[in-house]
Amino acid sequence: MQKIVNLPIVGMTCASCVRRVEKALLTVPGVLQASVNLATEKANVSVDADAAVNAAQALIVAVEKAGYEVPVQTINLTIRDMSCASCVGRVEKALTAVPGVITVSVNLATEKAQVKILAGVELASLLAAAKKAGYAASLVQEQVAAAPESHGFQSLLDAGSGWRVVIAAALSLPLMLPMLLNLFGLDWNLAGSWQIVLASPVQFWLGARFYRAGWKALRAGSGNMDLLVAIGTSSAYGLSVYLLWAHGSHGMGHLYFESAAVVITLVLLGKWLETRAKHQTVEALRALESLRATTALLRRDGVDIEVPVAEVKVGDILIVRPGDRVAVDGEIIEGSSHLDESLLTGESLPVSKDLGAHVIGGSVNADGMLLVKATGVGGATMLSQIIQLVEDAQAVKAPIQALVDKVSAVFVPVVLGISALTFLGWGVFSGDWQMALLNAVAVQVIACPCALGLATPTAIMVGTGVAAKYGILIKDAQALETAHSLTAIAFDKTGTLTVGKPALVAIISQQFDDAQIIEWAAAVQQYSDHPLAHAVMQKAEALGLSVPAVTEAGAMPGRGVQARLGEQFVYLGNQRWMQELGADLNVSEGSNVLSYRDAIHQQQQAGRTVSCLAVQRDGQVQLVGIVSFGDSVKATAATAIARLQALGVKTIMLSGDNAGSANAVATALGINEVRAEVLPADKATIVREFQQAGYTVGMVGDGINDAPALAAADVGIAMSTGTDVAMHTAGITLMRGDPVLVADAISISQRTYRKIRQNLGWAFIYNVVGIPLAAFGYLNPMIAGAAMAFSSVSVVSNALLLRSWKPWQAPLSALGGKE
């Protein structure tokens, strides 16, 4: 058997391109023949049917390695009517069979499917495939706010409705009353005619959804939870009808209408509780969606008008009043204020924003009036991208889910087989065919695989949601699952562990105080835009100095700057220029004082940039001091390294800077290993080196030059203060440039993975223990139904405990303050 896969290919220009692509495609296992057409830019690939399921992804990889591109897109579908892990497998199988589908990931908890397809695949074919498998599907639309709750008659008929459960309970309670009264020694039986009247609406009206879904599963050649419930309760109901018909209302044996009705009631109760609990798992995502502004106040042609936020365009001027929510991303062109960005970045305190500062859509303006120029609207805003990242992370399966999928694929057929053996075994060996049927029903009811299907996705949803709340964006479930096992973290230095901007860190003079040196340095650099000049001006401002006016200011390329201050010239530049000017660098006041030359050497050994300050007096240039610049370490960097090492994680610093600068930072922070003067490509090589040594490596970076290493690492972690390239490459993005969040990301990963294992352990143990108990007659159908409902709710409730997770916060004493 063969299957034809059609691939659109972009980038081919000549016949040699065609040959190269065909050669690449033929290297893929399972490919029998490949024909590429340059005119249509398509490839027809004949694939062995056994290898066809995973062929598309392998073919795309082969084409990309050959240097060409296969256009693909990802669409999200809402899948309704799924009830268990078996449903997930059936939907995935149906969608994967559609020509042009590359990968499919279906999430039971969110009721969504993420489908990666080749360009040209029609949405209608995907919806038809899902419908043929027995499920209703539709394209996920962007939600502006949480969907309103439904009311009225349709809500009453909804399987997740509380009213449906109440009606089922009201009809089932009289059926259970004789059993409850027997506990108190009271003997009373409800007439058989009344039992069938009460049980029938529960079985065929309130339980109709089980028949519909079970029938669809049978037509698709598989089984699910609904099929198990439908067969089990129908057996109990049918046996009761037979006994009622055979014995009449006099002298009849015990009827089992209550078993069928109560099982359906308990299953509905479990689904209702499960639905309510699942709504809480997306609480963080709803909180983010609630930040979307619906209107914006614009200033156009001198007139202020309020418009829907969808009408805002890049370049529009927005007015943001105190208390208003910023509608879109933008840049402040007038005013200053404090903005609350806590739900976007996890930053607990309002952030000061001045002229030229970037503001994020969804943040709240605390005090001042702002004029903001729109720079990002619609899906380009940071808020929209954050919501998309969180949704994508919740839609993609964790690797551990593969085990569940394998089990679920054969689960229902195996359970039906065990149920049949139970029925035959009890009937043949005991002769009690009524008991045989009830035990077979109990096996079917208790084995519903809801807990298996919910174990992983609910934990992933809550874990990614709570992480996003505190400024940790996890792009995919694989990153979340892998982060818990990291044994080494490699940091880029600049912008990750350090601020990334030069700061004036040392002032050395043998004759003058710091204020005088800074006053001269600021005077000569006050008109410069150089980063070192900004550092000097910030220091002058911090010291409260007034900078004197100068004349004849100018820059000397490759040397420094100079200016006339009063009757003297002031020079600020490198050591070579000082020597050219005739300044003496060997000046030293006493044997215990370093000469300027030695002080410069000492500062350079520490990796700092040194500028010399000289003044021309009486025709001679005299060196009066030196100023040293360095990239200051972030306030929380040392704490971040200490926390990682406390977790048993090896810390490594990769830097393109010189060894002196890198070693100085590493020593100050207590980093285990340093690699200095490293090229961008070498960072990825070093990451692989540690992986080959047995480490599971995380890479933390913020620049374009870090992208190869972020991609090579087991988990890439990017700072949002860096480049977009870094964030797109990494599996985790930290919304604040705070290295402490790296340890927090590992912490939430550990907690989430622990919950996944607990949930899967409970789900497997529940079935391993419950099915034999039911088969050997220790569980009647009603108890089995209650246990099945409890298992699903317990799995979701256990996942919800993740909401109590909070990032580590240092006590004030650890930060130099008072508690």
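These numbers come from the heavy atoms of this one structure, side chains and all, not from hydrogens, waters or symmetry mates. Counting from 1, the numbers follow the sequence of the chain as shown.
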Quick one: [atom1] on [X] to [atom2] on [Y], what's the gap to the nearest 0.5 Å?
X: Thr685; Y: Glu689; atom1: OG1; atom2: CD; answer: 9.0 Å
X: Leu139; Y: Thr78; atom1: CG; atom2: OG1; answer: 8.0 Å
X: Ser485; Y: Gln750; atom1: OG; atom2: CD; answer: 9.0 Å
X: Met653; Y: Ile489; atom1: CE; atom2: CD1; answer: 15.0 Å
X: Arg19; Y: Cys14; atom1: CZ; atom2: SG; answer: 7.5 Å
X: Lys65; Y: Thr27; atom1: NZ; atom2: OG1; answer: 8.0 Å

**Check against side chain to side chain contact (heavy atoms under 4.5 Å, CB included), Met699 and Asp492** = CA-CA 8 Å; Met699 173 69 196; Asp492 171 53; 4.2 Å; yes
Is the shortest side-chain heavy-atom distance between [X] and [Y] below 4.5 Å?
X: Lys313; Y: Val377; result: no
X: Phe491; Y: Val742; result: yes
X: Leu118; Y: Pro8; result: yes
X: Tyr68; Y: Arg20; result: yes
X: Val47; Y: Leu32; result: no
X: Thr375; Y: His358; result: yes
X: Val45; Y: Val28; result: no
X: Lys634; Y: Leu497; result: no

**Prompt:** Can a salt bridge be assigned to the pair Lys373 and Asp316 using a cut-off of 4.0 Å between side-chain N and carboxylate O?
**Reply:**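 A salt bridge is absent here (no side-chain N lies under 4.0 Å from a carboxylate O).
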**Message:** Does this structure show an ion pair linking Glu673 with Arg675, if we count only N-O contacts that are shorter than 4.0 Å?
**Reply:**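 So Glu673 pairs with Arg675 through a salt bridge.
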Measure across [X] and [Y] and return the closest heavy-atom pair with its distance rounded to 0.1 Å.
X: Ile746; Y: Leu644; answer: CD1-CD2, 3.7 Å
X: Ala137; Y: Ile79; answer: CB-CD1, 3.7 Å
X: Val715; Y: Ala483; answer: CG2-N, 3.9 Å
X: Pro71; Y: Val10; answer: CD-CG2, 3.8 Å
X: Val372; Y: Ile333; answer: N-CG1, 4.4 Å
X: Arg292; Y: Ser384; answer: NH1-OG, 3.4 Å

Is it the case that more than 12 heavy atoms not belonging to [X] sit under 6.0 Å from its [atom1] atom?
X: Gln33; atom1: CD; value: no
X: Lys650; atom1: NZ; value: yes
X: Gln73; atom1: CD; value: yes

**Request:** Carefully, step by step, assess Val104 and Val106 under the rule side chain to side chain contact (heavy atoms under 4.5 Å, CB included).
**Result:** CA-CA 7 Å; Val104 180; Val106 177; 3.9 Å; yes
Hey, does the side chain of [X] reach the backbone of [Y] with a donor-acceptor pair shorter than 3.5 angstrom?
X: Ser747; Y: Ala743; value: no
X: Gln692; Y: Val687; value: no
X: Asp329; Y: Gly361; value: yes
X: Thr496; Y: Lys493; value: no
X: Thr487; Y: Thr696; value: yes
X: Ser125; Y: Glu122; value: yes
X: Thr651; Y: Ile671; value: no
X: Thr752; Y: Ser749; value: no

**Message:** Run Ile360 and Val326 through side chain to side chain contact (heavy atoms under 4.5 Å, CB included) and show every step you take.
**Reply:** CA-CA 7 Å; Ile360 306 171; Val326 180; over 6 Å; no
**Message:** Can you tell me how the ring of Tyr695 sits relative to the ring of Phe690, calling it parallel under 30°, perpendicular over 60° and tilted otherwise?
**Reply:**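 Tyr695 and Phe690: perpendicular rings.
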**Item:** side chain to side chain donor-acceptor pair (under 3.5 Å) against Arg80, all qualifying residues, sequence neighbours excluded
**Value:**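 If we apply the side chain to side chain donor-acceptor pair (under 3.5 Å) test to Arg80, skipping adjacent residues, the hits are Ser138.
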**Request:** Mind running side chain to side chain contact (heavy atoms under 4.5 Å, CB included) on Thr74 and Val115 for me, showing each step along the way?
**Result:** CA-CA 6 Å; Thr74 300; Val115 189; over 6 Å; no
Anything under 3.5 Å between a donor and an acceptor, one on a side chain of residues 35-42, the other on a protein residue two or more places apart or in another chain? List them.
unit_1	atom_1	unit_2	atom_2	d
Asn37	OD1	Ala39	N	2.9
Asn37	OD1	Thr40	N	3.2

